[in-house]
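Keep in mind it's a predicted model, so treat the numbers as computed, not measured.
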Amino acid sequence: MILSTGIRVGTPIKTKYMSSFITRANPEGLYILDISKTLARIDVAAKFIGRTNIANVAVTSAREYGKTPIEKFCELTGARGIFGRFMPGTFTNPSLPKYLEPEIVIVTDPQADEQAVLEATRAGVPVIALSNSDNITSKVDLVIPSNNRGRKALATVYWLLTKEVLKKQGRIKSDSEMPMTIDDFEAKLVEELI
């Protein structure tokens with residue numbers, strides 16, 4: 001079921017940073033990411049997040065399709081969401097009204113969320129990033145290789161991460177106790193809302 005969401009479908013471009021996460025190219029020329037590495041990295045990220053105060057975890061997405069998955073992740077785990085344009089200085093300028101001192105920063109796309117990655121790096125905060133085959137991940141501490149552009153793929157990654165974080169927190173014991181489905185995490189198209 002997870003594979004049908006397009007979680008492992010990359011782009012036609014491959015960077016040297018992501019080459020170790022790519023298994024092959026499909027007939028259309030899209031690079032396919034290694035799903036076993038994706039799942040393993042989600043588990044590592046959940047363990048890492050589980051060791052910190054979840055209220056000090058900042059999750060950001062400049063991508064519209066990342067908003068709903070992040071809202072659900074934050075609702076269930078207690079992390080702090082930053083949506084839309086990242087205000088420069090959020091992690092580095094204490095005089096700003098929305099200044100944060102996160103212990104971990106999760107970004108949906110290291111390219112689109114570049115400002116958050118740069119500021120977290122300057123502040124010495126570890127960065128976890130959902131990274132596609134074309135991303136440059138030199139400033140990222142933990143890469144979760146996945147399709148970070150598709151609605152269903154983003155919903156799936158954040159759902160899996162939420163499930164594992166809740167398990168590490170001891171709030172759920174098995175997958176069947178997960179209070180929301182992948183569909184709940186999926187951003188709705190504008191036409192569907194009308």
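- Residues I70 and T108 meet the side-chain proximity criterion, which asks for heavy atoms closer than 4.5 Å.
- Annotation: side chain of I128 is in contact with side chain of I49 (closest heavy-atom distance under 4.5 Å).
- Here L118 sits alone; no ILVMFWY side chain lies under 4.5 Å from its own, so it joins no hydrophobic cluster.
- The salt bridge (charged side-chain N to carboxylate O under 4.0 Å, His left out) pairs that include a residue from residues 117-138 are D134-R149, where partners are two or more places apart or lie in different chains.
- Residues satisfying the side-chain contact (heavy atoms from CB on, under 4.5 Å) criterion with A155, sequence neighbours excluded, are I182, F185, E186.
- For the side-chain hydrogen bond (donor to acceptor under 3.5 Å, both in side chains) test, no residue two or more places apart in sequence or in another chain qualifies with S20.
- Using modelled atom types and a 3.5 Å distance limit, the side chains of S146 and N148 yield no donor-acceptor pair.
- Nearest heavy atom pair, residue T92 against residue P94, reads O-CD, 3.4 Å.
- Other residues, nucleotides and ligands contribute only 12 or fewer heavy atoms inside 6.0 Å of the CE atom of M87.
- Shown here are the side-chain hydrogen bond (donor to acceptor under 3.5 Å, both in side chains) partners of K167, two or more places apart in sequence or in another chain: D175.
- V105 is not listed as a side-chain neighbour of V57, based on a closest heavy-atom distance of 4.5 Å or more.
- Annotation for Y17: hydrophobic cluster partners, listed by chain and number, are I136 (ILVMFWY side-chain heavy atoms under 4.5 Å, direct or chained).
- Within the structure, side-chain hydrogen bond (donor to acceptor under 3.5 Å, both in side chains) pairs that include any residue of residues 63-84 comprise R63-D109 (at least two apart or interchain).
- Linking ILVMFWY side-chain heavy atoms closer than 4.5 Å, directly or via other members, places Y158 and V44 in a single hydrophobic cluster.
- The CG atom of N135 lies 7.0 Å from the OG1 atom of T15; values are rounded to the nearest 0.5 Å.
- Within the structure, the side-chain hydrogen bond (donor to acceptor under 3.5 Å, both in side chains) test picks out the following pairs touching residues 97-107 (sequence neighbours left out): T52-E103, N56-E103.
- The residue from L33, I35, L154 that alone fulfils the side chain to side chain contact (heavy atoms under 4.5 Å, CB included) condition with I7 is I35.
- Judged as a ring pair (Phe, Tyr, Trp, His ring centres under 6.0 Å), not a single pair has a partner in residues 21-52 (not counting sequence neighbours).
- Here the side chains of L161 and F73 are in contact, with some heavy-atom distance below 4.5 Å.
- When all heavy atoms of R171 and L76 are compared, the pair lying nearest together is NH2-O, 2.7 Å.
- Considering only heavy atoms from C-beta on, V125 stays 4.5 Å or farther from F91 through its side chain.
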Under the side chain to side chain contact (heavy atoms under 4.5 Å, CB included) criterion, do M178 and T162 qualify, and how do the steps go? CA-CA 9 Å; M178 183 67 178; T162 303; 3.6 Å; yes
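- Clustering ILVMFWY residues whenever any of their side-chain heavy atoms sit less than 4.5 angstrom apart, transitively, puts V140 in a cluster other than the one holding I106.
- When all heavy atoms of A187 and R151 are compared, the closest pair comes out as O-NH1, 2.8 Å.
- Between E164 and K168, at least one side-chain nitrogen of the basic residue sits less than 4.0 Å from a carboxylate oxygen of the acidic one, meeting the salt-bridge criterion.
- Under 3.5 Å, the side chains of T137 and S131 contain no donor-acceptor pair of N or O atoms.
- By the side-chain contact (heavy atoms from CB on, under 4.5 Å) test, N93 pairs with S95, L96, sequence neighbours left out.
- In this structure the side chain of K139 never reaches within 4.5 angstrom of the side chain of P110, judged on heavy atoms.
- A pairwise comparison of heavy atoms in V117 and V127 identifies CG2-CG1, 4.2 Å as the closest pair.
- Scored by the side-chain hydrogen bond (donor to acceptor under 3.5 Å, both in side chains) test, K47 finds D43 as partners (sequence neighbours excluded).
- When all heavy atoms of A46 and V165 are compared, the closest pair comes out as CB-N, 3.8 Å.
- Put simply, the side chain of N147 does not reach to within 4.5 Å of the side chain of R8, judged on heavy atoms.
- For T181, the side-chain contact (heavy atoms from CB on, under 4.5 Å) partners at least two apart in sequence or on another chain are D183, D184.
- Among all heavy-atom pairs drawn from G10 and L30, the shortest one is O-CD2, 3.8 Å.
- In this structure, CD1 on I172 lies 5.0 Å from CG on L166, to the nearest 0.5 angstrom.
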